Enquirer: 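Can you read through this structure? Questions will come right after.
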Number of protein chains: 2
Amino acid sequence: MKSDSPSQESATHSPRLTRHQQAVFDGLHQQAAALSAQELYSLLRQRQAIGLATVYRALETLKLHGLIKSRMGANGEALYSPVVSDQHYLTCLQCGQSFPLDHCPIQELENHLQPSVPFKIYYHTLEFFGLCTPCADTKGT
Amino acid sequence: MKSDSPSQESATHSPRLTRHQQAVFDGLHQQAAALSAQELYSLLRQRQAIGLATVYRALETLKLHGLIKSRMGANGEALYSPVVSDQHYLTCLQCGQSFPLDHCPIQELENHLQPSVPFKIYYHTLEFFGLCTPCADTKGT
DNA sequence: AGATATAATGAGAATGATAATCATTCGCTC
DNA sequence: GAGCGAATGATTATCATTCTCATTATATCT
Ligand SMILES: [Mn+2]
Ligand SMILES: [Mn+2]
Ligand SMILES: [Zn+2]
Ligand SMILES: [Zn+2]
């Protein structure tokens with residue numbers, strides 16, 4: 001069986017995906033956390049032949065179609081995740097750790113905002129930055 | 001006159017800044033839009049001697065102190081801006097243009113969230129992605 | 001002030017993620 | 001199955017960011 005494919009889907013009616021683009025898309029969906037292009041490349045490599053350039057190109061394509069989004073990781077590399085995973089984080093400026101929020105605090109807000117702007121919103125990014133408790137304590141020594 | 005210095009200040013009581021760190025801080029405040037490290041370097045260079053490494057280190061330091069924030073630019077480089085400028089954008093996935101929101105829609109939400117998490121929030125990032133009207137029209141051809 | 005310890009700076013080299021090349025292969029239509 | 005544009009992949013080129021280390025500024029103490 002070929003089985004599961006997170007059925008490339010979203011608000012945006014995007015063109016058919018190629019086999020490799022679909023693999024990249026699926027790879028992101030199989031992971032809980034966001035992945036860098038390099039990590040995704042290693043992951044996919046274990047199951048099939050695919051070039052690094054193709055991974056980067058697929059990510060770019062998927063992003064243009066509004067199927068995936070990216071955020072800047074602590075080490076400067078881009079971290080990709082499916083748009084459907086509406087997940088946000090509190091990220092510590094000191095240690096770089098990210099703590100997930102238990103739910104999106106602006107889903108409703110987006111719905112209110114949409115009709116008031118001449119722009120078709122596909123998704124949003126939201127992240128809070130500051131100090132985690134351990135780091136905050138170490139601060140005031 | 002030496003004049004204006006955006007009086008390094010914020011919710012976070014940060015250590016004194018060095019002359020160059022202050023220059024970087026001021027440089028960002030003099031610009032309307034967010035700047036990349038390289039752009040900022042060129043800008044500062046016109047007025048004073050400063051090394052590229054110093055600019056990067058200053059940005060890192062200021063970021064740790066919660067005085068500035070960064071977002072990932074369209075071309076992959078980090079764009080820095082003062083934390084005090086609480087500005088958000090609608091960014092088009094197609095043409096890359098960013099349309100500023102007239103006000104921050106979650107300032108109040110952040111205040112509500114803060115007491116419920118074991119984390120000292122300095123600031124947040126929020127951005128909407130999708131298609132601007134022109135691009136959305138061109139789409140359904 | 002002079003001596004000393006510590007942090008900041010800068011020129012340049014090293015790193016590493018991402019983009020560009022270009023020859024080859026794939027997917028489709030006729 | 002020939003024709004053709006899009007996709008792929010091995011490789012190289014870019015270029016933002018980090019690292020090294022010698023030099024210099026700043027703070028502290030006598
Ligand atoms: Mn959300
Ligand atoms: Mn805001
Ligand atoms: Zn921390
Ligand atoms: Zn557009």
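Below, read A as the first sequence line, B as the second, and so on, with proteins coming before strands; counting in each chain starts at 1. Quick caveat, the model's predicted, so the values are computed rather than measured.
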Enquirer: Taking only the side-chain nitrogens and oxygens of B:H20, find out if one of them lies under 4.0 Å from OP1 or OP2 of D:dA25.
Expert: no
Enquirer: Within this structure, what is the CG-to-P distance between B:L17 and D:dA27, rounded to whole angstrom?
Expert: 13 Å
Enquirer: Can you tell me the distance, in whole Å, between the CG atom of A:L44 and the P atom of D:dT8?
Expert: 12 Å
Enquirer: Just the rounded figure in Å: distance from P of D:dA16 to CG of B:L40.
Expert: 14 Å
Enquirer: Carefully, step by step, assess A:H124 and A:L109 under the rule side-chain contact (heavy atoms from CB on, under 4.5 Å).
Expert: CA-CA 11 Å; A:H124 58 258; A:L109 184 150; over 6 Å; no
Enquirer: Under the criterion side-chain contact (heavy atoms from CB on, under 4.5 Å), I'd like the reasoning laid out for A:Y80 against A:L40: C-alpha separation, chi angles, the key distance, then a yes or no.
Expert: CA-CA 9 Å; A:Y80 299 84; A:L40 189 53; 5.8 Å; no
Enquirer: Please determine whether any donor N or O and acceptor N or O are separated by less than 3.5 Å between the side chain of A:R16 and the base of C:dG27.
Expert: no
Enquirer: Within the pair B:Y56 and D:dT17, is there a side-chain N or O less than 4.0 Å away from OP1 or OP2?
Expert: yes
Enquirer: Starting at CD of A:E60 and ending at P of C:dA17, how long is that distance when rounded to a whole Å?
Expert: 18 Å
Enquirer: Choose from D:dT17, D:dG9, C:dG10 the nucleotide whose nearest atom is closest to any side-chain atom of B:A37.
Expert: D:dT17
Enquirer: In whole angstrom, what separates A:I50's CD1 from D:dT11's P?
Expert: 17 Å
Enquirer: Taking atom types as modelled, find out whether A:T125 and A:K69 have a side-chain donor-acceptor pair closer than 3.5 angstrom.
Expert: no
Enquirer: From the options C:dT18, D:dG9, D:dT17, select the nucleotide whose nearest atom is closest to the side chain of B:L52.
Expert: D:dT17
Enquirer: Please report the closest heavy-atom contact between B:Y89 and B:Q87, naming both atoms and the distance.
Expert: OH-CG, 3.5 Å
Enquirer: Output the rounded distance in Å from CG (B:L59) to P (C:dA8).
Expert: 15 Å
Enquirer: So, under a plain 3.5 Å distance rule, would you say the side chain of A:R19 forms a donor-acceptor pair with the base of C:dG27?
Expert: no
Enquirer: Given that A:Q38 and A:R57 both sit by DNA chain C, which one's nearest nucleotide is further toward the 5' end?
Expert: A:Q38
Enquirer: So A:V24 and A:T61, do their side chains get closer than 4.5 Å, heavy atoms only?
Expert: no
Enquirer: Roughly, in whole Å, what's the span from CD in A:E39 to C1' in C:dT18?
Expert: 15 Å
Enquirer: A:A78 side chain: which of C:dA20, C:dT18, D:dC19 is closest?
Expert: C:dT18
Enquirer: Atom CD of A:Q21 and atom C1' of D:dA6: how far apart are they, to the nearest Å?
Expert: 10 Å
Enquirer: What nucleic acid atoms does B:E77 come within less than 4.0 Å of, heavy atoms only: base, sugar-phosphate, or nothing?
Expert: sugar-phosphate
Enquirer: Return the nearest nucleotide to the side chain of B:T18; candidates are C:dA17, C:dT21, C:dA8.
Expert: C:dA8
